[in-house]
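Report on the following structure.
Hydrogens, waters and symmetry mates play no part in the numbers below; they use all other heavy atoms, side chains included.
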Amino acid sequence: MHIRGDHVELVVGGRLDVRSAADARTVLHSAVDDGVGDLVLDLSELDSWDATGLGVIMGVHRRAGRCGRRLVLRGVPPQMQRLLVATRLHRILAIEGGLAVDSLPRV
């Protein structure tokens, strides 16, 4: 897993899973704490995430809200879009451009 960027926009790539969750949480929480305004997470390079990785994203979303910021997801890959729809998290998270929900197969 790799994360590059600053406290305004970060690109997350590789696998966001139980093995990388602690490191990702540290980097993402620092980005939230050190910035203002929207924090954009570009997920276009993300290969996969598991429940732990999704939990990291939700934790960052909550932390951003407590800091008066908004977490915005960009470039969410289709398989992850399906997971967000299946878990109904697409109703909670800000997703740039929305999701192609109508074109996604039902889970």
Side-chain angles (χ1 to χ4, degrees):
M1 189 235 13
H2 65 271
I3 300 175
R4 66 179 190 277
D6 55 23
H7 55 271
V8 175
E9 183 175 338
L10 295 164
V11 177
V12 181
R15 296 172 58 119
L16 182 54
D17 57 18
V18 69
R19 284 171 271 151
S20 60
D23 293 335
R25 186 178 297 112
T26 300
V27 171
L28 295 173
H29 284 191
S30 292
V32 168
D33 295 344
D34 294 342
V36 295
D38 288 352
L39 172 61
V40 177
L41 287 188
D42 184 334
L43 304 179
S44 59
E45 296 180 17
L46 193 62
D47 297 326
S48 65
W49 61 16
D50 65 6
T52 305
L54 188 54
V56 169
I57 297 294
M58 291 309 298
V60 172
H61 165 76
R62 285 188 299 274
R63 187 180 192 104
R66 287 192 304 267
C67 292
R69 299 188 71 187
R70 184 175 74 134
L71 178 67
V72 179
L73 303 182
R74 173 187 292 159
V76 181
Q79 68 273 20
M80 290 167 226
Q81 289 185 23
R82 285 188 288 275
L83 181 60
L84 292 176
V85 170
T87 57
R88 299 185 188 269
L89 293 175
H90 70 292
R91 296 179 178 186
I92 297 169
L93 295 167
I95 302 168
E96 188 176 83
L99 294 177
V101 176
D102 295 332
S103 63
L104 294 175
R106 293 188 178 238
V107 182

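Through side-chain heavy atoms spaced under 4.5 Å, either directly or across other Ile, Leu, Val, Met, Phe, Trp or Tyr residues, V72 is tied to V40.
Atom OG of residue S30 and atom CG of residue L10 lie 10.0 Å apart, to the nearest 0.5 angstrom. The NE2 atom of H90 sits 13.0 Å away from the CG atom of L73 when rounded to the nearest 0.5 Å. To the nearest 0.5 angstrom, L43 atom CG is 11.0 Å from E96 atom CD. Here CG of D42 is found 12.0 Å from CD1 of I3. Values are rounded to the nearest 0.5 Å. We find the CZ-NE2 distance between R69 and H7 to be 7.0 Å, quoted to the nearest 0.5 Å. Interatomic distance, L71 CG to I95 CD1, rounded to the nearest 0.5 Å: 10.0 Å.
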**Study point:** Candidate pair V60 and H29, rule side-chain contact (heavy atoms from CB on, under 4.5 Å), full reasoning
**Key:** CA-CA 6 Å; V60 172; H29 284 191; 3.7 Å; yes
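Hydrophobic clustering (ILVMFWY, side-chain heavy atoms < 4.5 Å, transitive): V11 and V56 are in distinct clusters.
Partners of R62 according to the side-chain hydrogen bond (donor to acceptor under 3.5 Å, both in side chains) rule, which considers only residues two or more places apart in sequence or in another chain, do not exist here. Residues that satisfy the side chain to side chain contact (heavy atoms under 4.5 Å, CB included) test with V8, not counting sequence neighbours, are D6. T26 is linked by a side chain to side chain contact (heavy atoms under 4.5 Å, CB included) to nothing, counting only residues two or more places apart in sequence or in another chain. For L89, the side chain to side chain contact (heavy atoms under 4.5 Å, CB included) test picks out L54, M58, L84, T87, I92, L93, with sequence neighbours left out. In this structure, R25 has no salt bridge (charged side-chain N to carboxylate O under 4.0 Å, His left out) partners at least two apart in sequence or on a different chain.
In terms of modelled atom types and a separation under 3.5 Å, the side chain of R74 and the main chain of L41 share no donor-acceptor contact.
Closest approach of H2 and R4 over heavy atoms only: NE2-NH1, 3.5 Å. T52 approaches A21 most closely through the heavy-atom pair CG2-CB, 3.5 Å.
Using a 4.0 Å cut-off between charged nitrogen and carboxylate oxygen, R15 and D50 do not count as a salt-bridge pair.
For the pair L83 and W49, the minimum side-chain heavy-atom distance is below 4.5 Å. The closest side-chain heavy-atom distance from L39 to R70 is not below 4.5 Å. No side-chain heavy atom of R19 sits less than 4.5 Å from a side-chain heavy atom of M1. Within the 4.5 Å cutoff, side-chain heavy atoms of I57 are placed close to those of L16.
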